[in-house]
Amino acid sequence: MNYDYLIIGNSTAAVGCIEGIRENDREGSICVVTDENYTVYGRPLISYLLWNKTTEKNMLNYRPSNFYKKNDVELILGVRAEKINPDKKTILLSDGQEIGYGKLLVATGSSPFVPPMKGLDTVEKKFSFMTLDDAKALAGAIDKDSRVLIVGAGLIGLKCAEGISDRVKSLTVVDLANRILPSILDEKGSGIVQKHIESHGVKFYLNDSVAEFKDGAATLSSGKKIEYDAVVIAVGVRANTSLVADAGGEVNRGIVTDLKCRTTLDDVYAAGDCAESLNSITGQKQVLALLPNAYMMGSAAGVNMSGGEKLYDDAIPMNSIGFWGLHVITAGDYEGEAYVKRDGSKYKKLVTSGGRLRGFILIGEIERAGIYTRLVREQTPLDEIDFEAIKERPQEMAFSRAVRKDDLGGAK
Amino acid sequence: MKRIYVNEEWCLGCHLCEYQCAFANSGINDMVKALKGKTIHPRIQVEGGNSISFAVNCRHCSDARCIKGCISGALSRDKDGVVVIDTEKCVGCFTCILSCPYGAIMPSSDHSVVQKCQLCMDNQMGEPACVKGCPNRAIVYEERI
Ligand SMILES: Cc1cc2nc3c(=O)[nH]c(=O)nc-3n(C[C@H](O)[C@H](O)[C@H](O)COP(=O)(O)OP(=O)(O)OC[C@H]3O[C@@H](n4cnc5c(N)ncnc54)[C@H](O)[C@@H]3O)c2cc1C
Ligand code: SF4
Ligand code: SF4
C-alpha cells in the first residue's frame with residue numbers, strides 16, 4: 001500500500017497532524033499505524049479513569065467516534081512500525097507489511113525509563129503508568145488491602161498515586177530528588193503541594209532510593225524497609241527516537257526538528273513527545289513533553305506536510321495539574337527576578353527578566369491563568385501593560401485600551 | 001459567525017450581564033428563585049471600577065487554544081462555530097484555563113469541571129441573555145469581519 005500521508009503513533013500529535021492536513025487537503029490518503037489496540041484517547045486520563053472521574057467510553061471519545069471516517073483515515077491498530085526506509089520511502093511493520101508514504105510523521109511519544117534496580121526482576125507485580133493497558137493491568141492487580149510503592153515523585157507517579165488512592169490500603173512514594181515535582185515547581189511550591197498530598201495519606205521518602213527489592217520489601221539507601229504488594233516505576237520517560245535514528249536521522253534527547261517540524265530525513269516529520277522543539281523563552285531545543293504542545297506541533301507538521309506553511313515557533317513549557325483538588329498551573333521558567341505572594345496553601349510566583357514575564361507558578365488560585373501564559377508566550381514588554389495590576393490578578397484591564405479593543409471587540 | 005463584542009465606552013459597570021448569565025444558565029424559570037441569596041457563577045465577568053469597566057467572556061476564537069490543549073477532548077467547535085464544553089468528558093484538569101489568553105474559561109461552581117460562555121445556545125434563551133439584558137448596549141451580538 002501507498003499513502004500520501006503516513007503517521008506512526010495514534011495519540012495527540014497524530015490527531016493534530018490529521019486535523020492540520022485536512023485544513024489544506026481533503027483528498028490525500030492518510031494512514032495511521034499504532035501498536036496500541038485503541039482508537040485515540042487522552043493519555044493523561046488514565047489516572048482519572050482509575051479515580052472514577054471518567055469512563056473508558058468517555059476517554060475513547062477524545063475525538064468523536066466518526067473521527068477516522070470523517071477524515072478519511074485508514075487506522076492500523078496493534079501493529080508496530082519497525083523500520084523506516086527513507087530511500088524507498090516506506091516503513092516496515094511488525095506484521096511484515098511494507099507501506100509507502102509521500103510524507104511521514106513520526107509521533108511515537110515516549111516510553112517509561114526503568115533504571116536498573118537490584119532485585120526488580122523478582123517483583124511480581126510491577127507496572128509502568130503510561131497507557132490505558134498499563135492502567136487496566138494496575139487496577140487488576142490491586143485491592144483495598146494493597147500496599148503500593150511508587151518510585152518517582154514526578155507528574156506521572158503522583159497522578160498515579162491520586163488515581164489509585166481510593167482503591168488501596170497504603171501509598172508510599174520514593175524519589176532520589178529532595179523534593180516533589182522539581183520539573184515544574186520551586187522549593188516552596190514543592191513543599192506546599194507535598195504537604196497537601198501527605199494530608200491525603202501518601203507517605204514520602206525523598207532524597208532516597210531503592211537499594212534492593214527482596215521478598216516483598218524494598219530496602220532504601222537510607223536503610224528504611226518498605227513492604228509492598230505492588231510497585232509502580234515512574235522515574236521518567238525517554239523519547240522514542242530509534243526509528244529515526246536507525247534510519248540515519250539526527251536525534252538528541254528527542255528527534256531533531258526544524259521550525260516546520262521536519263526531521264533531517266527528507267519528507268519525514270516528527271511531533272509530540274518524541275521530538276525536540278524550540279523553547280521560545282530560552283531559545284533552546286528541548287523535548288516539551290506536554291499534551292497541548294503535542295497537539296500544536298502535530299498540527300503545524302500536518303499543515304506543512306500538506307503544502308501549507310506554519311512555523312512551530314511559540315512553544316513554551318506549560319502545565320496544569322491538580323492533586324486532590326489543589327490545582328497547580330505553571331509556565332515558562334524561573335530564571336529571573338521573582339515576585340512572590342503566599343497565603344496558606346495559595347502561592348503565586350511571577351518571574352520577570354529583561355522587562356518581560358518569563359515564568360509563573362500558581363498554586364490554589366488559578367483563575368484566568370491564561371492571561372499570564374499569554375504574557376510569557378508573547379514576551380509582552382511589561383512597560384506596555386499595568387504590571388502592578390496584573391501582579392494582583394490576571395485581567396484584561398492591565399492591557400492598553402487599544403489591545404483591549406482588539407481582544408474584546410476585534411473579529412476573531 | 002455572530003459573536004459578543006464589547007463597547008467599553010458604553011459599559012456602566014452595573015454587572016447586570018453577570019446576573020442575566022447566571023439566571024439563563026440556572027435552569028430555573030423564576031429569576032428571584034434562581035438568584036436571590038445565592039453566590040452567582042456567571043460565565044461573563046465585568047472588570048474594572050468607576051472610570052472604566054467592561055465585560056469579558058469567551059471570544060469563540062477561530063484558532064482556539066483551549067480546544068487544542070484540552071486533554072480529554074471535552075472542548076470542541078460545533079457546526080455553527082460556537083466553542084462548546086462537554087462536561088461529561090471534562091476531568092477538571094484546568095489546562096484550558098492555562099491556555100485561554102483572555103481568561104474566559106473558568107471552574108464550575110464546585111470546581112469539578114470548567115464552564116464557559118456558549119452564547120446561550122445550550123440553554124432556553126436561544127440568544128445571549130447578557131446582551132439582551134444590557135441596558136446600554138455595551139455588549140452586542142453581531143457579525144464582524
Ligand atoms: C499518566 C500521565 C499523565 C499525564 N498528564 C499530563 C497532563 O496533565 N498534562 C499534559 O499536558 N500532559 C500530560 N501527560 C503527557 C501527555 O500525555 C503527552 O504529552 C502526550 O500524550 C503526547 O502525545 P504524543 O502524541 O506525542 O505521544 P503519546 O501520547 O506518547 O503516543 C505515542 C503513541 O505512539 C505509539 N508508538 C510508539 N512507537 C510506535 C511504533 N514504533 N509503532 C507504532 N506505534 C508506536 C505508542 O504506543 C503511543 O500510542 C501525561 C502523561 C502520562 C503518562
Ligand atoms: S475559552 Fe478562551 S481560548 Fe477558548 S475560544 Fe473562548 S476565548 Fe478562545
Ligand atoms: S478542564 Fe476539562 S475542558 Fe479544560 S482542558 Fe481539562 S478536560 Fe479539557
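Naming: A, B, ... by sequence-line order, numbering from 1 per chain. Just the heavy atoms: all of them, side chains too, but no hydrogens, waters or symmetry mates, feed the values below.
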If you tally heavy-atom pairs under 4.5 Å between each of Ile52(B), Ile145(B), Ile4(B) and chain A, the highest tally belongs to Ile52(B)
Value for CD1 (Ile71(B)) from CG (Leu291(A)), rounded to nearest 0.5 Å, stands at 7.0 Å
Contact origin within Ile139(B) toward chain A - heavy atom pairs under 4.5 Å | neither
Could you tell me which of Val15(A), Ile329(A), Leu362(A) has the largest number of non-hydrogen atom pairs under 4.5 Å with chain B?
-> Ile329(A)
Identify which part of Cys96(B) has an atom lying under 4.5 Å from any heavy atom of chain A, answering side chain, backbone, both or neither.
-> neither
So between chain A and chain B, what donor-acceptor pairs come in under 3.5 Å?
unit_1	atom_1	unit_2	atom_2	d
Asn58(A)	ND2	Glu88(B)	O	3.3
Asn61(A)	O	Lys89(B)	NZ	2.7
Asp314(A)	OD2	Arg65(B)	NH2	2.9
Ser320(A)	OG	Cys93(B)	O	2.6
Ser320(A)	OG	Phe94(B)	O	3.2
Arg368(A)	NE	Gly103(B)	O	3.1
Arg368(A)	NH1	Glu47(B)	OE2	2.6
Arg368(A)	NH2	Glu47(B)	OE2	2.9
Arg368(A)	NH2	Tyr102(B)	O	3.1
Gly370(A)	N	Ile97(B)	O	2.8
Thr373(A)	OG1	Leu98(B)	O	2.7
Arg374(A)	NH1	Pro101(B)	O	3.3
Glu396(A)	N	Glu47(B)	OE1	3.1
Glu396(A)	N	Glu47(B)	OE2	2.9
Met397(A)	N	Glu47(B)	OE1	2.7
Arg404(A)	NE	Glu8(B)	OE1	2.7
Arg404(A)	NH2	Glu8(B)	OE1	3.4
Arg404(A)	NH2	Glu8(B)	OE2	2.7
Asp407(A)	O	Arg59(B)	NE	3.0
Leu408(A)	O	Val6(B)	N	3.1
Leu408(A)	O	Arg59(B)	NH2	2.7
Gly409(A)	O	Arg144(B)	NH1	2.7
Lys412(A)	O	Arg3(B)	NH2	3.0
Lys412(A)	O	Ser62(B)	OG	2.8

Rounded to the nearest 0.5 Å, what's the gap from SG on Cys93(B) to CG on Leu45(A)? Could you check?
-> 8.0 Å
Relative to chain A, which segment of Ala74(B) carries a heavy atom at a distance below 4.5 Å: side chain, backbone, both, or neither?
-> neither
Determine the minimum heavy-atom distance between Gly103(B) and Ile371(A), stating which atoms define it.
-> N-CG1, 3.7 Å
Chain B contact via Met397(A) - side chain, backbone, both or neither, heavy atoms under 4.5 Å = both
Winner by heavy-atom pair count (cut-off under 4.5 Å) against chain A, out of Gly73(B), Gly69(B), Pro101(B) = Pro101(B)
Using non-hydrogen atoms and a 4.5 Å limit, figure out which bit of Leu98(B) sits close to chain A: side chain, backbone, both or neither.
-> both
